[in-house]
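Below is one structure, written out as structure tokens; the observations come after it.
Per chain, numbering begins at 1; letters A, B, ... match sequence-line order. Note that the structure is a prediction, hence the values are computed from the model and not measured.
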Amino acid sequence: SAVISQKPSRDICQRGTSLTIQCQVDSQVTMMFWYRQQPGQSLTLIATANQGSEATYESGFVIDKFPISRPNLTFSTLTVSNMSPEDSSIYLCSVSPPGLENEQFFGPGTRLTVL
Amino acid sequence: GENVEQHPSTLSVQEGDSAVIKCTYSDSASNYFPWYKQELGKRPQLIIDIRSNVGEKKDQRIAVTLNKTAKHFSLHITETQPEDSAVYFCAASPGSGAGSYQLTFGKGTKLSVIP
């Protein structure tokens, strides 16, 4: 199965700043997604990262706040812009292997704290 | 959009007993239903899934059942062990069309297995 890594694993940031989270996979994958998991809560899909085109955002999430890049089939970034304490959360990427597009496997997550 | 309800939110069982977690979904077009286990501080891990053309699926001590007519599916864990203690999430995926691989998650069930 694919090995998924995320950087950074955790960070503490000041309000008003931005943080870019990287998701790297050791093999090409069809689908890549970004989720948010607030403390003690479930997973909420932020967007689908589309290779070579703009990401598809879910209701309540906008590109200006969460710009996403996916330059190739193994890498994606999520930026959390102009952060506020409400953005404190765990951010996870997930991937679907070729031929198994329904199945999603998660990266280790990035724990973000905004002061 | 899809709405997934999960019950109970917490569940305590004695070691060796069985545990059952139930989920209902709203979109009759959904056709893929995975279950994830998330241990404290870890990423969600896919433990079993079922597709709409199957009524039941087993993997050792874990089984999942699906009732498409009633739009509900359940996770059954037999002979529970302390290492089964975790938060379990159910999810549903749309059957076709835009966003057909996106997962909508339930709110999670915290399972505690008492030795």
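Proximity to chain B (any heavy atom under 4.5 Å) is restricted, for A:T48, to the side chain, taken from C-beta onward. Contacts of A:E103 with chain B are made by both backbone and side-chain atoms, with heavy-atom separations under 4.5 Å. In this structure, chain B has a heavy atom under 4.5 Å from the side chain of A:F33, while its backbone stays farther away. Residue contact with chain A, scored on non-hydrogen atoms closer than 4.5 Å, is absent for B:Q45. The contact between A:L45 and chain B is made entirely by side chain atoms (from C-beta outward), counting heavy-atom distances below 4.5 Å. Both the backbone and the side chain of B:P44 come within contact range of chain A, judged by heavy atoms closer than 4.5 Å.
Side-chain contact between B:C23 and B:W35 is present, with heavy atoms from C-beta onward closer than 4.5 Å.
Using modelled atom types, one finds a donor on one side chain and an acceptor on the other under 3.5 Å when comparing A:S69 with A:T77. Side-chain contact annotation: B:E2 with B:T104, donor-acceptor N/O pair under 3.5 Å absent. Judged purely by distance below 3.5 Å, without hydrogens or angles, the side chains of A:T113 and A:S88 never pair a donor atom with an acceptor atom.
Top candidate by heavy-atom pairs under 4.5 Å with chain B, chosen from A:M31, A:E58, A:R111, A:Q104, is A:Q104.
Within a 6.0 Å radius of CG in A:L115, other residues, nucleotides and ligands contribute more than 12 heavy atoms.
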task = Using the salt bridge (charged side-chain N to carboxylate O under 4.0 Å, His left out) rule, take B:D49 and B:K57 through it: C-alpha gap first, then chi angles, then the decisive distance, then the call.
result = CA-CA 8 Å; B:D49 56 17; B:K57 184 177 178 180; 2.8 Å; yes
